[in-house]
Amino acid sequence: MAVNLLDLNLAQLETYVEGLGEKRFRARQLMRWIHLYGQDDFTQMSDLARSLREKLSLEAVVAPPRLLASHESDDGTRKWVLEVGAGNAIETVFIPEGDRGTLCVSSQVGCALACTFCSTGHQGFNRNLTTAEIIGQLWWANRALGRDPKGERVISNVVMMGMGEPLANLDNVDAALDIMLDDFGYGLSRRRVTLSTSGIVPALDRLRERHPVALAVSLHAPNDALRDQIVPINRKYPLAELLAACRRYLEAAPRDFVTFEYVMLQGVNDSPAHARELLALVADTPCKFNLIPFNPFPGSNYRRSRPEAIQAFRDVLMQAGYVVTVRRTRGDDIDAACGQLAGQVLDKSRRAERMAREAGR
Ligand code: SAH
Ligand code: SF4
């Protein structure tokens, strides 16, 4: 079977071209053609020897996931829907903001961690994305967006905050990070790539050793009792362990704080008392807060906190000296907001079925 070169980081591409009897540096040229210029046709790679182009045409492919649809929102947000086989689809979102452009990348088809307020979690789990499917999201978006008039890449930041739990697919995410951070790939610095996790502690330690990119942790609750309910992975890795792992991570991280994400669910986790409890919880962990107004989706049982409640919660944190941002909801009109990414997941974990049964009891 043909090798999909989108699966290979630079080191693997070097091994591959050497295996073809070529010089190592050809790998860099190839990498640039594939990722920088978005070229998938070997015959167009004009600075490669014709003999190499012919070999590659016979043995290799540059095969991103098939593009099913793309949408553009009134606020400039863009979304691409990509087919990842067997009736499954994933979504990638681009959010322009001043001189920054952030691409939100998915790591799995569905998610097994089943946070109760998350659309992806409700859909159940199908499988991990391959490296080619993860990096293929950047490939499509970069091809569509290209460079701005100053010659800078339009995608200046990547957040692993799309569908799925990136630390549950660390091997493939790891290789994709290699390519994102490579000068011959997407040339992003570690500060400009943020991985968001609900807190798989051993995998967080591995990420620290291999690619300490900027870290966002989905906290969402100030104590174990509540977090056990809404972020079920907490039962395995409770808050004290998670926060200790965050502090270890910071020793290697490119930024000197963790961003704690906190989804605002009306009447569940959004009182000033919760905010004060949160302050006590994070006292030893350098952090910022990102409050995310809950985005409803069909079948969700929560309501978004009222703006006054979000403001009061924010004020408690700010008065204690913390930097707090409240996420603006973007791309709402194309279902591209946080937690609304749905794609199409053929649920192998039969979670949707189980939930329907439990709801009927
Ligand atoms: N699995 C990872 C990354 C993907 S989710 C994680 O959980 O961190 C990205 C962010 O969107 C997380 O903070 C998640 O809690 C949040 N989110 C999920 N569903 C949401 C919803 N319906 N409304 C608002 N934010 C949501
Ligand atoms: Fe998975 Fe993240 Fe959604 Fe939780 S919030 S179900 S970890 S994608």
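In listed order, ligands and their atoms are each counted from 1. In this chain, numbering begins with 1 at the start of the sequence shown.
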Side chain, backbone, both or neither: which applies to Asn295 and ligand 1 if a contact is any heavy-atom pair less than 4.0 Å apart?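 It is both parts that get close, each with some atom under 4.0 Å.
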Counting heavy atoms only, which part of Glu165 comes closer than 4.0 Å to ligand 1: side chain, backbone, both or neither?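 Contact part for Glu165 vs ligand 1: both backbone and side chain.
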Take Glu14 and Lys23 through the test salt bridge (Lys or Arg N to Asp or Glu O under 4.0 Å) and record every step on the way to the result. CA-CA 8 Å; Glu14 283 172 348; Lys23 295 248 163 43; over 6 Å; no
Do any N/O atoms on Arg327 end up under 3.5 angstrom from N/O atoms on ligand 1?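 Such a contact does not occur with ligand 1.
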Is the closest N or O pair between Phe297 and ligand 1 shorter than 3.5 Å?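 No, no N or O pair falls under 3.5 Å.
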Any salt bridge (Lys or Arg N to Asp or Glu O under 4.0 Å) pairs touching residues 282-299, not counting sequence neighbours?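 For residues 282-299, and leaving out neighbouring residues, there are no salt bridge (Lys or Arg N to Asp or Glu O under 4.0 Å) pairs at all.
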Would the distance check show the side chain of His35 and the main-chain N or O of Arg32 forming a donor-acceptor pair, the cut-off being under 3.5 Å?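 Checking the backbone N and O of Arg32 against the side chain of His35, no donor-acceptor pair under 3.5 Å is found.
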Asn128 (side chain) donor-acceptor with Asn169 (main chain) under 3.5 angstrom: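 Answer holds: no.
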Connected via hydrophobic side-chain network under 4.5 Å: Leu145 and Leu188: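 Looking at the clustering, Leu188 is in the same group as Leu145.
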Would you say [X] touches ligand 1, if touching means a heavy atom closer than 4.0 Å?
| X | value |
| --- | --- |
| Ser107 | no |
| Pro296 | no |
| His220 | yes |

Considering all heavy atoms of both residues, which atom of Leu103 and which atom of Ala141 are nearest to each other, and what is their separation?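 Shortest heavy-atom contact: CD1-CB, 3.7 Å.
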Could you report the tightest heavy-atom contact between Trp139 and Gly38, atom names first, then the distance?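 Taking every non-hydrogen atom into account, CZ2-O, 3.2 Å.
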Passing candidate, side-chain contact (heavy atoms from CB on, under 4.5 Å) with Arg206, options Leu170, Asp174, Ile200: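 Result for side-chain contact (heavy atoms from CB on, under 4.5 Å) with Arg206: Leu170.
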Should you measure from each heavy atom of [X], which atoms of ligand 1 turn up under 4.0 Å away?
| X | result |
| --- | --- |
| Cys118 | 18 (C), 19 (N) |
| Thr197 | 6 (C), 8 (O) |
| Val263 | 24 (C), 25 (N) |
| Glu261 | 10 (C), 12 (C), 13 (O) |
| Ile292 | 13 (O), 24 (C), 25 (N) |
| Gly164 | 1 (N), 2 (C), 3 (C), 4 (C) |

Metal environment of atom 4 (Fe) of ligand 2, protein N/O/S under 2.8 Å: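 Checking every protein N, O and S atom gives Cys115 SG.
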Could you find the nearest protein heavy atom to atom 2 (Fe) of ligand 2 and give me its residue, atom name and distance?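 For atom 2 (Fe) of ligand 2, the nearest protein heavy atom comes out as Gly164 O, 4.4 Å.
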Salt-bridge present ([X], [Y]; N to O < 4.0 Å):
| X | Y | result |
| --- | --- | --- |
| Lys55 | Glu22 | yes |
| Arg227 | Asp224 | no |
| Arg248 | Glu209 | no |
| Glu261 | Arg327 | yes |

Between atom CG of Asp7 and atom CG of Asn172, what is the distance when rounded to the nearest 0.5 Å?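 Rounded to the nearest 0.5 Å, the CG-CG separation comes to 7.5 Å.
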